[in-house]
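Here is the structure we will look at, set down as structure tokens.
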Amino acid sequence: MQSKITSGAMLKAMREKSPLVQCITNYVAMNIAANVLLASGASPAMVHAAEEAGEFAGIANALTINIGTLSTQWIDGMQTAAKAANAAGKPWVLDPVAHYATAFRRNAVADLLALEPTIIRGNASEIIALAGGESRGQGVDSRDPVEQAEDSARRLAERQRAVVAVTGAVDFVTDGESAVRIQGGSALMPQVTALGCSLTCLVGAFAATAPEDIFGATVAALATFAVAGEDAALGAAGPGSFSWRFLDALAAIDAETLDARARVSVA
């Protein structure tokens with residue numbers, strides 16, 4: 001269903017709440033993901049050990065799980081945390097990074113899908129494969145355009161009863177019934193490692209702010225990233241200067257600017 005709250009209002013509410021987001025993410029993404037959440041106004045916690053992940057998920061306002069650098073111990077922590085988030089009624093986000101690459105990853109993501117994530121965020125190749133289609137993905141890179149993943153996203157959303165976000169040149173978000181596209185960002189974004197992983201964590205922060213409107217929260221997070229990406233690209237000479245400018249842009253964006261510049265259209 002379409003959100004009745006604007007993305008700007010969601011951003012303002014998120015900053016006022018400063019939700020605690022448990023980010024079980026990969027080694028490459030930890031630093032940038034934490035900085036993205038801090039710049040946006042949320043509070044990150046990189047807690048993944050099975051011995052404490054479940055207990056912490058009961059404390060956190062939202063959980064995000066990224067399977068980028070898997071190990072058996074990390075999978076135990078992911079499953080424990082997801083079960084605890086469900087028991088506590090907390091939203092959680094699954095980022096199925098390159099889940100099609102190996103049997104180990106396929107089995108891990110199948111077990112996590114069975115725990116019913118609130119939101120699934122991935123690139124086009126990941127979503128196509130997750131829905132049962134044939135993707136052209138290679139490792140963590142998407143070789144399929146977002147528009148080719150839209151039908152897959154709708155099917156996956158219906159099957160999982162989740163909001164599905166496909167991110168790329170033009171983002172696509174659906175709950176199986178409603179759907180929108182979000183334009184913006186920069187061609188430099190794929191050249192900065194872990195920005196997509198960081199977006200997953202930001203989706204968690206917005207979901208924690210508006211658990212009653214998961215669709216709208218997901219759209220707001222993606223719109224925030226898109227506008228910040230446009231701003232960061234203005235003075236960037238390349239991916240290095242874009243990276244720090246992007247953090248500054250996230251911190252600088254306000255509710256009024258987001259509402260004025262977010263390019264969200266019904267799909």
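Values in this document were obtained by computation on a predicted structure and should not be read as measured data.
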**Report entry** Asn26 CG to Cys197 SG distance, which is reported to the nearest 0.5 Å
**Finding:** 4.5 Å
Report summary line: One should read off an interatomic distance between Ile127 CD1 and Asp151 CG, to the nearest 0.5 angstrom, of 13.5 Å
Query raised in the report: When you measure from the side chain of Thr224 to the backbone N and O of Ala220, does any donor-acceptor pair fall under 3.5 Å?
Result: yes
Report summary line: Pro145 and Ala124 have their tightest heavy-atom pair at O-CB, 3.5 Å
Query raised in the report: Can you hop from Ile32 to Ile253 via hydrophobic side chains spaced under 4.5 Å?
Result: yes
Requested in this report: Please answer whether the main-chain N or O of Phe215 pairs with a side-chain N or O of Asp175 as donor and acceptor at a distance below 3.5 Å.
Outcome: no
Query raised in the report: Do Asn107 and Asp111 have side-chain atoms, one donor and one acceptor, less than 3.5 Å apart?
Result: no
Query - Side-chain heavy-atom pair Asp95, Ile65 within 4.5 angstrom cut-off - result: no
Requested in this report: Grab the two heavy atoms, one from Gly176 and one from Ala157, that are nearest each other, plus how far apart they are.
Outcome: N-CB, 3.5 Å
Query - Lys12 bridged to Glu256 by N-O distance under 4.0 Å - result: no
Report task. Under the side-chain contact (heavy atoms from CB on, under 4.5 Å) rule, what do Asp259 and Ser7 come out as? Steps first, then yes or no, please. Result -> CA-CA 6 Å; Asp259 281 339; Ser7 293; 4.3 Å; yes
Query raised in the report: When you look at Val166 and Asn123, which way does the side-chain contact (heavy atoms from CB on, under 4.5 Å) test go after all the steps?
Result: CA-CA 5 Å; Val166 190; Asn123 64 39; 5.9 Å; no
Report task. Find out whether Leu222 and Thr167 are in side-chain contact, i.e. whether some heavy atom of one side chain is under 4.5 Å from a heavy atom of the other. Result -> yes
Query raised in the report: Honestly curious: do Val28 and Ile67 fall in one hydrophobic cluster under the side-chain, below-4.5 Å linking rule?
Result: no
Query raised in the report: Less than 4.5 Å apart, any side-chain heavy atom of Leu250 and any of Val36?
Result: yes
Query raised in the report: Quick one: do the Asn66 and Thr200 side chains pair a donor with an acceptor below 3.5 Å?
Result: no
Query raised in the report: Rounded to the nearest 0.5 Å, what separation is found between the CD1 atom of Ile24 and the CD1 atom of Ile75?
Result: 11.5 Å
Report task. To the nearest 0.5 angstrom, please state how far the CG atom of Leu195 sits from the CG atom of Leu199. Result -> 9.0 Å
Requested in this report: Determine yes or no for a side-chain-to-main-chain donor-acceptor pair under 3.5 angstrom, with Ser198 supplying the side chain and Ala194 the backbone.
Outcome: yes
Query - Nearest-0.5 Å distance that lies between atom CG in Leu63 and atom SG in Cys201 - result: 9.5 Å
Query raised in the report: Is the backbone N or O of Gly235 less than 3.5 Å from a side-chain atom of Arg245, with the two atoms forming a donor-acceptor pair by type?
Result: yes
Query - Donor-acceptor pair between Ser152 and Arg155 side chains, under 3.5 angstrom - result: yes
Query raised in the report: In terms of hydrophobic clustering (I, L, V, M, F, W, Y; side-chain heavy atoms under 4.5 Å; direct or indirect links), are Phe225 and Leu188 co-clustered?
Result: yes
**Report entry** His48 vs Met30 side-chain heavy atoms within contact, under 4.5 Å
**Finding:** yes
Query - Derivation of the side-chain contact (heavy atoms from CB on, under 4.5 Å) call for Ile182 and Val219 - result: CA-CA 8 Å; Ile182 302 140; Val219 172; 4.1 Å; yes
Query raised in the report: How are the rings of Trp74 and Tyr27 set relative to one another: parallel (under 30°), tilted (30 to 60°) or perpendicular (over 60°)?
Result: tilted
Query raised in the report: Is Arg161 atom CZ crowded by more than 12 heavy atoms from other residues, nucleotides or ligands, each under 6.0 Å away?
Result: no
Query - Identified side-chain contact (heavy atoms from CB on, under 4.5 Å) counterpart of His99 within the set Leu112, Leu113, Leu130, Leu94 - result: Leu130
Query raised in the report: Ala108 and Leu70: which non-hydrogen atoms are nearest, and at how many Å?
Result: CB-CD1, 3.8 Å
**Report entry** Under 3.5 Å: donor-acceptor pair, side chain of Ser40, backbone of Ala42
**Finding:** no
Query raised in the report: For Glu52, does its backbone N or O pair with a side-chain atom of Glu55 as donor and acceptor, under 3.5 Å?
Result: no
Query raised in the report: Is there a chain of hydrophobic side chains (I, L, V, M, F, W, Y, each step under 4.5 Å between heavy atoms) that links Phe206 to Leu247?
Result: yes
**Report entry** Min side-chain heavy-atom separation Arg105-Tyr100 under 4.5 Å
**Finding:** no
Query raised in the report: Would you say the side-chain atoms of Gln22 pair up with the backbone N or O of Ala45, donor to acceptor, closer than 3.5 Å?
Result: no
Report summary line: Tightest non-hydrogen contact, residues Val21 and Ala205, listed as CG2-CA, 3.6 Å
Query raised in the report: Quick one: are Val173 and Val164 in side-chain contact, heavy atoms under 4.5 Å?
Result: no
Report task. Take Arg154 and Glu177 through the test salt bridge (Lys or Arg N to Asp or Glu O under 4.0 Å) and record every step on the way to the result. Result -> CA-CA 7 Å; Arg154 292 180 191 271; Glu177 295 181 0; over 6 Å; no
Query raised in the report: Linking I/L/V/M/F/W/Y whenever their side-chain heavy atoms sit closer than 4.5 Å, directly or via other members, would Phe246 and Leu38 fall into one cluster?
Result: no
**Report entry** Within-4.5 Å side-chain heavy-atom neighbours: Phe104 and Thr72
**Finding:** yes
Requested in this report: Say whether, by atom type as modelled, one donor and one acceptor occur between the side chain of Ser186 and the main chain of Glu230 under 3.5 angstrom.
Outcome: no
Query raised in the report: Which atoms form the tightest heavy-atom contact between Pro91 and Ile214, and what is the distance?
Result: CB-CD1, 4.2 Å
Requested in this report: Side-chain contact test, heavy atoms from C-beta onward, threshold under 4.5 Å: evaluate it for Ile59 versus Leu20 and give yes or no.
Outcome: yes
Report task. Start with the C-alpha distance between Thr218 and Arg121, add both sets of side-chain angles, then the distance that settles side-chain contact (heavy atoms from CB on, under 4.5 Å), and finish with yes or no. Result -> CA-CA 9 Å; Thr218 304; Arg121 190 219 66 85; over 6 Å; no
Requested in this report: Return yes if some donor-acceptor pair links the side-chain N/O of Lys90 with the main-chain N/O of Ala84 below 3.5 Å, else return no.
Outcome: no
Query raised in the report: Is there a donor-acceptor contact under 3.5 Å from the side chain of Gln183 to the main chain of Val170?
Result: no
Requested in this report: Begin from the C-alpha positions of Glu147 and Arg181 and carry the test salt bridge (Lys or Arg N to Asp or Glu O under 4.0 Å) through to its verdict.
Outcome: CA-CA 10 Å; Glu147 56 266 28; Arg181 297 185 184 96; over 6 Å; no
Query - Interatomic distance, Cys23 atom SG to Leu37 atom CG [nearest 0.5 angstrom] - result: 5.0 Å
**Report entry** Where Gly8 and Ala255 come nearest, the two heavy atoms and their spacing
**Finding:** O-CB, 3.2 Å
